[in-house]
Amino acid sequence: MAQAPPPAASAADVKGGPHTVFVYGSLMAEEVVRAILKRVPPAAPATLPNYHRFSIKERIYPAILPVENKKVAGKVITGVTDHELRILDAFEDVEYTRTRVEISLTDSSETMADTYVWSDAEDPNLYGEWDFEEWKKLHMKDFLAMTLGFMHGLEQPESKTRVETYQSFMQQQEPPASETKVEG
């Protein structure tokens, strides 16, 4: 099963960009990156060894945790500024911990990058494997709408966290219980 995550990067680690960030979920979609950073930085395929990408019960985004002999395919985004890294930290919210990891690039070289590791290594809601292509087909449109709402809210004096934004958005997407009953 999952091992305890490595130590978190500290807030002081935001200084000294440009930064390299390994992404493995919704941030692999350029549309989501553009909504968050207002641009799409250069990106390339990469792999994170000794981690596993889990689905999360009642969530449409994934989590990663250290798991020996597994690997997570994703992208490495380069040239991320200090300001953009703080925005990504706010987007990933308390559910994730920004962590320094070693990734493998397609040319077999390795480099260090920041990534967002699920904060609760013992979370009973983690299961199976999250699929990016399935997410794009089934959930990307709604997730992008939620992300745009979060970014708009982030600019407000009383902004919601990304988790609060996600939860309220998903509740609005569900039909009321009275509409889901089947008359018989």
Side-chain angles (χ1 to χ4, degrees), residues 8-44 46 53-64 72 74-100 113-120 123 125-126 130-180:
S10 73
D13 293 340
V14 172
K15 295 180 180 173
H19 303 274
T20 301
V21 180
F22 177 77
V23 298
Y24 55 86
S26 62
L27 292 173
M28 289 197 302
E30 288 185 357
E31 299 89 337
V32 174
V33 172
R34 185 176 293 108
I36 296 168
L37 301 182
K38 310 292 188 248
R39 72 182 186 105
V40 179
R53 178 175 36 213
F54 293 93
S55 291
I56 310 166
K57 185 179 177 184
E58 298 180 4
R59 308 285 171 89
I60 60 172
Y61 48 88
I64 61 167
V72 175
K75 287 183 180 180
V76 60
I77 298 175
T78 58
V80 175
T81 67
D82 293 346
H83 174 71
E84 290 170 333
L85 190 60
R86 282 190 288 275
I87 291 171
L88 289 171
D89 286 348
F91 180 74
E92 297 297 354
D93 205 5
V94 297
E95 293 182 310
Y96 297 89
T97 303
R98 182 166 39 92
T99 305
R100 227 37 206 148
D114 289 306
T115 196
Y116 293 90
V117 176
W118 193 247
S119 295
D120 182 1
D123 190 336
N125 292 318
L126 302 181
W130 186 84
D131 184 282
F132 178 66
E133 294 303 320
E134 179 180 303
W135 175 85
K136 278 186 358 185
K137 288 178 199 163
L138 300 177
H139 303 294
M140 188 166 101
K141 182 180 174 188
D142 286 341
F143 191 86
L144 187 56
M146 182 280 303
T147 301
L148 290 167
F150 168 75
M151 294 310 297
H152 175 73
L154 199 58
E155 298 163 1
Q156 307 307 310
E158 303 260 334
S159 64
K160 289 182 180 179
T161 67
R162 198 260 318 142
V163 172
E164 292 168 333
T165 302
Y166 173 81
Q167 289 170 340
S168 63
F169 181 85
M170 293 312 286
Q171 287 172 352
Q172 292 171 12
Q173 301 305 306
E174 295 173 5
S178 62
E179 292 179 24
T180 59

(Q) With a 4.5 Å cut-off on side-chain heavy atoms, are M151 and I87 touching? (A) yes
Q. Do the side chain of S119 and the main chain of V94 share a donor and acceptor less than 3.5 angstrom apart?
A. yes
**Q.** Backbone of F22 reached by a side-chain donor or acceptor of T115 within 3.5 Å
**A.** yes
Q. How about I36 and L27: do any of their side-chain heavy atoms sit closer than 4.5 Å?
A. yes
Q: To the nearest 0.5 angstrom, please state how far the CD1 atom of I56 sits from the CG atom of L126.
A: 6.0 Å
Q: Tell me, with the steps shown, if E133 and K136 meet salt bridge (Lys or Arg N to Asp or Glu O under 4.0 Å).
A: CA-CA 5 Å; E133 294 303 320; K136 278 186 358 185; 3.5 Å; yes
**Q.** Polar side-chain atom of W135 near backbone of I60 as donor-acceptor pair, under 3.5 Å
**A.** yes
Q. Does A145 offer a backbone N or O that forms a donor-acceptor pair with the side chain of T147 under 3.5 Å?
A. no
**Q.** Rounded distance [0.5 Å steps], CD1 in I77 versus CD in E30
**A.** 9.0 Å
Q) If you look at every heavy atom in A29 and M140, which pair is closest and at what distance? A) CB-SD, 3.6 Å
Q) Do I64 and W118 pass the side chain to side chain contact (heavy atoms under 4.5 Å, CB included) test, and can you show the C-alpha distance, the side-chain angles, and the key distance before you say yes or no? A) CA-CA 6 Å; I64 61 167; W118 193 247; over 6 Å; no
Q.
Checking K38 against E84 for the salt bridge (Lys or Arg N to Asp or Glu O under 4.0 Å) test, could you report, in this order, the C-alpha distance in whole Å, the side-chain angles of both residues, the deciding distance, and whether it holds?
A. CA-CA 9 Å; K38 310 292 188 248; E84 290 170 333; over 6 Å; no
Q: May I ask you to decide if the ring planes of Y61 and Y96 are parallel, tilted or perpendicular, using 30° and 60° as cut-offs?
A: tilted
Q) Does the side chain of V76 come within less than 4.5 Å of V21's, by heavy atoms? A) no
Q: Report yes if the side chains of V80 and L88 come closer than 4.5 Å at any heavy-atom pair, otherwise no.
A: yes
Q: Say whether, by atom type as modelled, one donor and one acceptor occur between the side chain of R98 and the main chain of D114 under 3.5 angstrom.
A: no
Q) Would you call the rings of F132 and W130 parallel, tilted or perpendicular, where under 30° means parallel and over 60° means perpendicular? A) tilted
Q | Spatial distance of atom NE2 (H139) from atom OG (S26) [nearest 0.5 Å] | A | 12.0 Å
Q: Answer with yes or no whether the side chains of E95 and Y116 bring together a donor and an acceptor at under 3.5 Å.
A: no
Q: Begin from the C-alpha positions of H19 and D82 and carry the test side chain to side chain contact (heavy atoms under 4.5 Å, CB included) through to its verdict.
A: CA-CA 7 Å; H19 303 274; D82 293 346; 2.7 Å; yes
Q. How far apart are the closest heavy atoms of G25 and P62, and which atoms are they?
A. CA-CG, 3.7 Å
Q) Any donor-acceptor pair under 3.5 Å linking the side chain of K75 with the backbone of M28? A) yes
Q: Grab the two heavy atoms, one from R34 and one from V40, that are nearest each other, plus how far apart they are.
A: NH2-CG2, 3.4 Å
